[in-house]
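Notes follow once the structure below has been shown.
Predicted model, so just to flag it, every value in this text is computed and none were measured.
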Amino acid sequence: MRTFKQHIAENSGLRFIYENLNIKSSIGRKNLLNSKFITERDELETLFSCISKAINYLNTENYKKLSHYLCEINDISSSLKILSEKNNLDDIALFEIKKFALVSEKIKESFEKSCFNDIIIFDLIDVINVLDPEKSRIPSFYIYSAYDNELSKLRKEKELVQDETKAEKIREQCEEIEDKIRQNISHELAKFETRISHNLEQFAHIDIIFAKAELAISQNLVCPEVSNKTEYRGVFNPQISKNLIDKGKSFQPIDISINNEPILITGANMSGKSVLLKTLALCQYLFQFGFFIPAKSAKIKIVDEILMSVGDNQNEMNGLSSFAVEMLNINEIIKEAKSGKTILALVDELARTTNPDEGKAFVAAYLQLMSKLKVSCLITTHYSGIKTNCFRLKVKGLSGIKKTDKITVNNINDFMDYSLQETKNDDVPTEAIRIAEILDVDSEFIQITRSKLE
Amino acid sequence: MPFINEILKHKSLSIVGMEKNTGKTECLNYIIKRLEAKNKTIALSSIGPDGENIDQVTETPKPEIELTRGNIFVTSELHFRQKQLIAEILDLSEKQTALGRLVTARAQNKGKVIISGPSDTVWLKNVINELDKYNPDIILVDGAISRKSPGSPSVTESIILTTGAALSASINSIVKKTAFVHQLINLDVFEIPESEDLLSIERGLWAIDENNKIHDLEIKSSLLLEKSTEKLFRHGNTIFVSGILTDKLVDFARLQKNISSTTIVVKDFTKIFVSPEKYSVFLAKGGKIKVLLKAKLITVCVNPVSPEGFILDSEKLCDKLYQTLGIPIYDIKSIKL
């Protein structure tokens, strides 16, 4: 199973989400990047309930403190590994653990007043006692004289000694004692290694939960309901939405339901079909990596895998034609579906790079197969006359245009209705020439194209 | 005691060497001793991993810095582990240098330590800000060999320059080279209310017109000048170079007919990478170079001993430098404590 890190490398929508995520600790960041696609219902539901609680907690004084403490959490896993292997720690590692334990106590204190009863933080007082013999409770460390009377005596003696050879000898004696102390401390701390590791993991978890909560507020995300079928009200794409808002425009949210059957989507060029597919893929990823969803409401079915064929694969570089790449992708979808996995398949303009006769046959056959296998699948097409009984949706497209309106590539957004409606027809919108016109394509070319149609 | 009181007027000081073996470390140890004698608390860092214990090129041992109880230092994990004093760790960076993370520690007794520091000036600035939290009387930065960047007034408030026989066997040549750097450090400040805006510019060439308005000349760097000659002076004769100033721009400006009224503004002297020859021709033609931030040069210290072993006449060298630079010059090794 691929990690979140691998997915954000390939999915710009997911990368946008990640870049807007305010994770405070390096361990939180590391754990999120290494997290896996979640397919367990209980795990997802627990996560979503934690984020909901975290949202209510965001504006409290306690949260301000908590986020400050989380910033102070360093990734001490390499020191903990040394402990778990029963090896001795040096002063730098001991400092790290002491600082961690002190911050840990503060987080524990601020968390006790909260409602996160399912997050358990162990008390690390015993760890602090081992590392703070002077009881200063300050995050600093060295082998204190308080650890050993002999050491204390020798250190004082060394300060007064003038003779260099003698001083050197005392220094060696001190070092011997210091090493013994390090050994004892490491031995003591090894007892608490599991507790410290547990807290470190919990803090990473808390950090991620709160980052997701902050993101839910800043990006207007909603808590999804884990369901047996997928149903979005007002779903939107955060990245494209932001780009549009920056230009003084807005993203038109879409309603769509996906059952265990294929849906054929038709619509004019520039009517947002590809964006819809990408947005649905993004939402499914967000859902199964435990994020809230960009929508007014969302019920989502858990899938084992998301498979896409959107025609922007870079496999052309490997010497394969775009048709070959597409067929291999489609084959992968069929293979996974036949293996019995629950998948979400998103296919943009199947067989568009070959002749329309065979292309249409490919589309109809694919739909038939997906119907038989009961696969949640969305497929867009420009082909008309596809023979299928499957559910069809159509993007409403250009509407409400007055004669006086001058449509350009810059304002087409204002006239395009991106919403979906059910249709029984097997014909498709024929608006390609009009769109080409709006794009200001050479008028002679357009005119000839028109005459060819007549 | 010479120049110690002057140092204490500033919050931070970097010690910058003209060359390797110009006595930078001796100078630093001297300053630390004098400051400790006055019961001042020092916080000490450096820029960059300063290489190995023994200088690979010249085989001269690289002296360690001696600190006493209560003083704070920042060094890499590698050098921290080699320390010969007891030190209380106060902080640990998350970022790595080539020699490991940076450890901030307080000396608990007298002893020696090798100082290494962050790899770039932005990080160094952060380190200096962090060190300020421990309320030291002065923050000292051991500058990297032949790199003047930590001496930038945007990093430390004041600098000490070290020079000496390592530059040349000829006193005249040492004086000439040192005088050039001294001249750059003392360049006039370009007075403009918008200097903060200019300092925040990261790249490209800009013009400042008569009304102090700033215009982007859309020339990404002076290296691309040939393609944009007519662009350069379209908003007047004052040009702000946000990055480094090289011979190329100076040479180009020198050949233009408006050279006598041309002023080139840079952020500070560490951005100037112009050869002394090109610089003096530029000045002779009437061009001017000014800075936004001026460094406070405390003094120049000399090391008359070269790494090859020859020794120059210290008194003569100091005197000649004093005649040319007009500021007191010290040979650290000859100052009696």
Does atom [atom1] of [X] have more than 12 heavy-atom neighbours, drawn from other residues, nucleotides or ligands, at distances under 6.0 Å?
| X | atom1 | answer |
| --- | --- | --- |
| B:Lys95 | NZ | yes |
| B:Lys11 | NZ | no |
| A:His187 | NE2 | no |
| A:Arg137 | CZ | yes |
| A:Glu61 | CD | no |
| B:Asn129 | CG | yes |
| A:Glu109 | CD | no |
| A:Lys247 | NZ | no |

Which region of [X], side chain (C-beta onward) or backbone (N, CA, C, O), has a non-hydrogen atom less than 4.5 Å from a non-hydrogen atom of chain A, or is it both or neither?
| X | value |
| --- | --- |
| B:Arg101 | side chain |
| B:Arg69 | neither |
| B:Leu92 | both |

Interface check, chain A: of B:Gln108, B:Lys110, B:Gln84, most non-hydrogen pairs under 4.5 Å belong to B:Gln108

[atom1]-[atom2] distance between [X] and [Y], expressed to the nearest 0.5 angstrom:
| X | Y | atom1 | atom2 | result |
| --- | --- | --- | --- | --- |
| A:Cys71 | B:Glu94 | SG | CD | 10.0 Å |
| A:Tyr142 | B:Leu90 | OH | CG | 11.0 Å |
| A:Phe95 | B:Thr104 | CZ | OG1 | 8.0 Å |

Just so I know, are the side chains of A:Glu96 and B:Ile89 near enough to count as touching, which here means a heavy-atom distance under 4.5 Å? no

Looking only at A:Leu94, A:Asp90, A:Asp75, A:Asp91, most heavy-atom pairs under 4.5 Å shared with chain B are made by A:Asp90

Mind checking which of residues 150-174 of chain A sit less than 4.5 Å from chain B, heavy atom to heavy atom? A:Arg155, A:Lys158, A:Glu159

